[in-house]
Amino acid sequence: MEKGILLLLIPLFTAILTLLLTFTSQIINGRRDRKRAVAFFHPFTNDGGGGERVLWCAVKAIQEENPDLDCVVYTGDHDSSPQSLASRAIDRFGVSLLYPPMVVYLYKRKWVEETSYPRFTMIGQSFGSIYLAWEALCKFTPSYYFDTSGYAFTYPLARVFGCKVICYTHYPTISLDMISRVRDRNPMYNNDASIAKSGWLSRFKMIYYTFFSWMYGYVGSCTHLAMVNSSWTQSHIEKLWRIPNRTKRVYPPCDTSRLQAFPLERSAETPIFISVAQFRPEKDFVSQAHALQLEAFSVAIRKLDSDMPRPKLQFVGSCRNKSDEERLQKLQEKAIELKIDEDVEFYKNAMYRDLMRLLGGATAGLHSMVDEHFGIVVVEYMAAGAIPIAHNSAGPKMDIVLEEDGKETGFLAQNVEEYADAILKVLQMPEDERLEMAAAARRRADRFSEQRFYDDFKAAVQPVLK
């Protein structure tokens, strides 16, 4: 039954899309002059995460390698001026642009906000991004359209406008893992428990996901160059988009050089465990991320020998809106509930220099997002000399927390007990062993330096920009 429905939907969608693109191209063709510029489609320029760091490093790389090309940023943040964005790049990420980028303001950003689609969020945001891209490209049509936010459904439209399309994909909008969770009826952030419990709802969602994955593969294949941030992302994108010759792995920029200046020695009086992550839904699903860390920290403290120093846990993250603020409030309440509120500190929207200071004082770093596509923060822990305790999946498992010169570089865990055990291992580890592991982790982090990103990025984009 599912296969029969899909056999009807796919050719219907193909016919409709072909007609729309043909009609649109006839309207646009010969009507619009393209500017010699690279325009970055990044509607949320204040998200404060690894995606924003990639944006500013990409802008800087283009400015260095192709000074004849203007750099433009499409943003829905109307209080952002060219000067304020350049200042934000250096204040939040330590990225010094050669000159401020041009800015094109977007007023239809609500079409890609998750709150606009309480149901069918994924497909709603995807089609909404087309409308937002239409506004962007009508206001300013560049020679090169560069998506750094993962809006693959905009690529065919950019092609119709005559642009060369480049993208940096942090994670696929839909992955084979997401489809398998629906098939196996496992509740997760992409699969509500009420749906997982229902056989016919799960069957309907499987049809929806399978059809969407086909559409995603079609639009993604329209890019001239797809850069991906990890082995895990590359594997999924190559299977979905089927353009392996145009897919390049470029590890994201991690500020390892500044962090490596910190000494590996740490104060033994109060061991600090740091957790750096945005207070967002996918970072805090039930007990899979922030809440899991609180529970594991609570378990570790209860098991701690009385003669050992009591550690502290520092949460550092950004809040984009009221919903994020509410998630932070729930975490604070959770710490009180677990009776560890005096051992936990929260740092909201910390400046770059403050983040560096906190990382430099941390004994270990916690990360617990399931299927984290890469995990810049895990690399930052390692570069700073903090032992990483990361989730045993995707980027950290496949690319980052691996042996270096035959030496262990950290710990991988999946549940409260495993995280608590890893926390205790760090606390009970002799200092010489901890220093040896921290040194190996720091050497491993060198593979993901900011300079490595610039070198690989420029090598990947230059053939397209020519």
>> Would you compute the distance between atom OG1 of T115 and atom NZ of K322 and round it to the nearest 0.5 angstrom?
In response: 12.5 Å
> To the nearest 0.5 Å, what is the distance between CG (L424) and CZ (R302)?
Replying inline: 11.0 Å
>> Is it the case that the side chain of E404 and the backbone of A441 share a donor-acceptor pair, with hydrogens and angles ignored and the cut-off at 3.5 Å?
In response: no
>> If I compare all heavy atoms of D324 with all of S318, which pair ends up nearest, and what's the gap?
In response: OD2-O, 4.5 Å
> Checking R442 side chain against Q260 main chain: does a donor-acceptor pair fall under 3.5 Å?
Replying inline: yes
> Quick check: does any side chain N or O of S175 sit under 3.5 Å from a backbone N or O of P172, one acting as donor and the other as acceptor?
Replying inline: no
>> Please check this pair: side chain of S298 against backbone of L294, looking for a donor-acceptor N/O pair closer than 3.5 Å.
In response: no
> Is there a side-chain contact (heavy atoms from CB on, under 4.5 Å) between K425 and I387 once you walk through the steps?
Replying inline: CA-CA 11 Å; K425 284 180 182 177; I387 303 296; over 6 Å; no
>> Centre-to-centre under 6.0 Å for F212 and F153, is that the case here?
In response: yes
> How are the rings of F453 and Y168 set to each other: parallel, tilted or perpendicular (split at 30° and 60°)?
Replying inline: perpendicular
>> Is there a side-chain contact (heavy atoms from CB on, under 4.5 Å) between L359 and Y381? Walk through the geometry before answering.
In response: CA-CA 7 Å; L359 284 169; Y381 295 158; 3.7 Å; yes
>> Looking at every heavy atom in both T223 and A226, which two are closest together, and how far apart are they?
In response: CG2-CB, 3.9 Å
>> Could you go through E450 and R258, starting from their C-alpha distance and side-chain angles, then the distance that decides it, and tell me whether this counts as salt bridge (charged side-chain N to carboxylate O under 4.0 Å, His left out)?
In response: CA-CA 10 Å; E450 200 167 273; R258 286 183 177 88; 5.1 Å; no
> Looking only at heavy atoms, which two atoms of G360 and R266 are closest? And how far apart?
Replying inline: O-CZ, 3.3 Å
>> For the backbone of K35 and the side chain of S143, can you confirm whether one donor and one acceptor N or O come within less than 3.5 Å of each other?
In response: yes
>> With a 6.0 Å cut-off (strictly less than), is the heavy-atom count around NZ of K312, excluding the residue itself, greater than 12?
In response: yes
> Within a strict 4.5 Å, meaning less than it, do heavy atoms of the K60 and L98 side chains meet?
Replying inline: yes
>> Strictly distance-based, threshold 3.5 Å: is any side-chain N or O of E433 a donor or acceptor partner for the main-chain N or O of M429?
In response: no
> Roughly how far, to the nearest 0.5 Å, is CE of M308 from CD of Q428?
Replying inline: 5.0 Å
> So, do Y144 and R36 sit near enough that their side-chain heavy atoms are less than 4.5 Å apart?
Replying inline: yes
> Measuring from C254:SG to I376:CD1, what's the distance to the nearest 0.5 Å?
Replying inline: 5.0 Å
>> Testing the basics here: between Y251 and S230, what is the closest heavy-atom pair and its distance to 0.1 Å?
In response: CE2-CA, 4.2 Å
>> Using side-chain heavy atoms (C-beta onward) and a distance below 4.5 Å, is W241 in contact with T169?
In response: yes
> Given Y145 and L157, is the side-chain contact (heavy atoms from CB on, under 4.5 Å) satisfied, shown in steps?
Replying inline: CA-CA 10 Å; Y145 173 89; L157 181 65; over 6 Å; no
> Got P388 and T409 here, is their nearest side-chain heavy-atom distance under 4.5 Å?
Replying inline: no
>> When you compare the side chain of Y347 with that of L355, does any pair of heavy atoms fall below 4.5 Å?
In response: no
>> Does E345, at its CD atom, have more than 12 non-hydrogen atoms belonging to other residues, nucleotides or ligands within less than 6.0 Å?
In response: yes
> Shortest non-hydrogen contact from S221 to R246?
Replying inline: O-NH1, 3.1 Å
> How long is the gap from NZ on K334 to CD1 on I340, to the nearest 0.5 Å?
Replying inline: 9.5 Å
> Is the shortest distance from a Lys or Arg side-chain nitrogen in E431 or R434 to a carboxylate oxygen in the other one below 4.0 Å?
Replying inline: yes
>> With salt bridge (charged side-chain N to carboxylate O under 4.0 Å, His left out) as the criterion, how do D446 and R443 come out once you've worked through the C-alpha distance, each side chain's angles and the decisive distance to 0.1 Å?
In response: CA-CA 5 Å; D446 261 342; R443 292 195 299 274; over 6 Å; no
> What pairs with R92 under salt bridge (charged side-chain N to carboxylate O under 4.0 Å, His left out), at least two apart in sequence or on another chain?
Replying inline: none
> Has the side chain of Q63 got a donor or acceptor atom that lies under 3.5 Å from a matching backbone atom of Y99?
Replying inline: yes
>> Around atom NZ of K458, are there more than 12 heavy atoms from other residues, nucleotides or ligands closer than 6.0 Å?
In response: yes
> F374 vs F448 aromatic rings, parallel, tilted or perpendicular, using cut-offs 30° and 60°?
Replying inline: perpendicular
> Between S368 and H391, does any side-chain donor sit less than 3.5 Å from a side-chain acceptor?
Replying inline: no
>> I need the Q83 CD to L97 CG distance, nearest 0.5 Å.
In response: 11.5 Å
>> Could you check whether any side-chain N or O of Y117 sits under 3.5 Å from a backbone N or O of W111, counting only pairs where one atom can act as donor and the other as acceptor?
In response: yes
> Is there a donor-acceptor pair closer than 3.5 Å between any side-chain N or O of R159 and the backbone N or O of V165?
Replying inline: no
>> Between S129 and S126 (side chain of the first, backbone of the second, donor and acceptor by atom type, cut-off under 3.5 Å), is there such a pair?
In response: yes
> Do the rings of F315 and F346 sit parallel, tilted or perpendicular, given the 30° and 60° boundaries?
Replying inline: parallel
> How far apart are the C-alpha atoms of V378 and M382, what are their side-chain angles, what is the distance that settles it, and do they pass the side-chain contact (heavy atoms from CB on, under 4.5 Å) test?
Replying inline: CA-CA 6 Å; V378 180; M382 296 163 78; 4.1 Å; yes
> Between T148 and H42, does any side-chain donor sit less than 3.5 Å from a side-chain acceptor?
Replying inline: yes
> What's the shortest heavy-atom distance between A296 and Y419, and which atoms?
Replying inline: CB-CB, 3.5 Å
> Any side-chain heavy atom of F273 within less than 4.5 Å of one from V426?
Replying inline: yes
> Any side-chain heavy atom of S275 within less than 4.5 Å of one from H290?
Replying inline: yes
> Side chains of V299 and E417: does their closest heavy-atom pair fall under 4.5 Å?
Replying inline: no
>> Evaluate R249 against D456 for salt bridge (charged side-chain N to carboxylate O under 4.0 Å, His left out), listing each step before the verdict.
In response: CA-CA 8 Å; R249 189 195 318 160; D456 293 349; over 6 Å; no
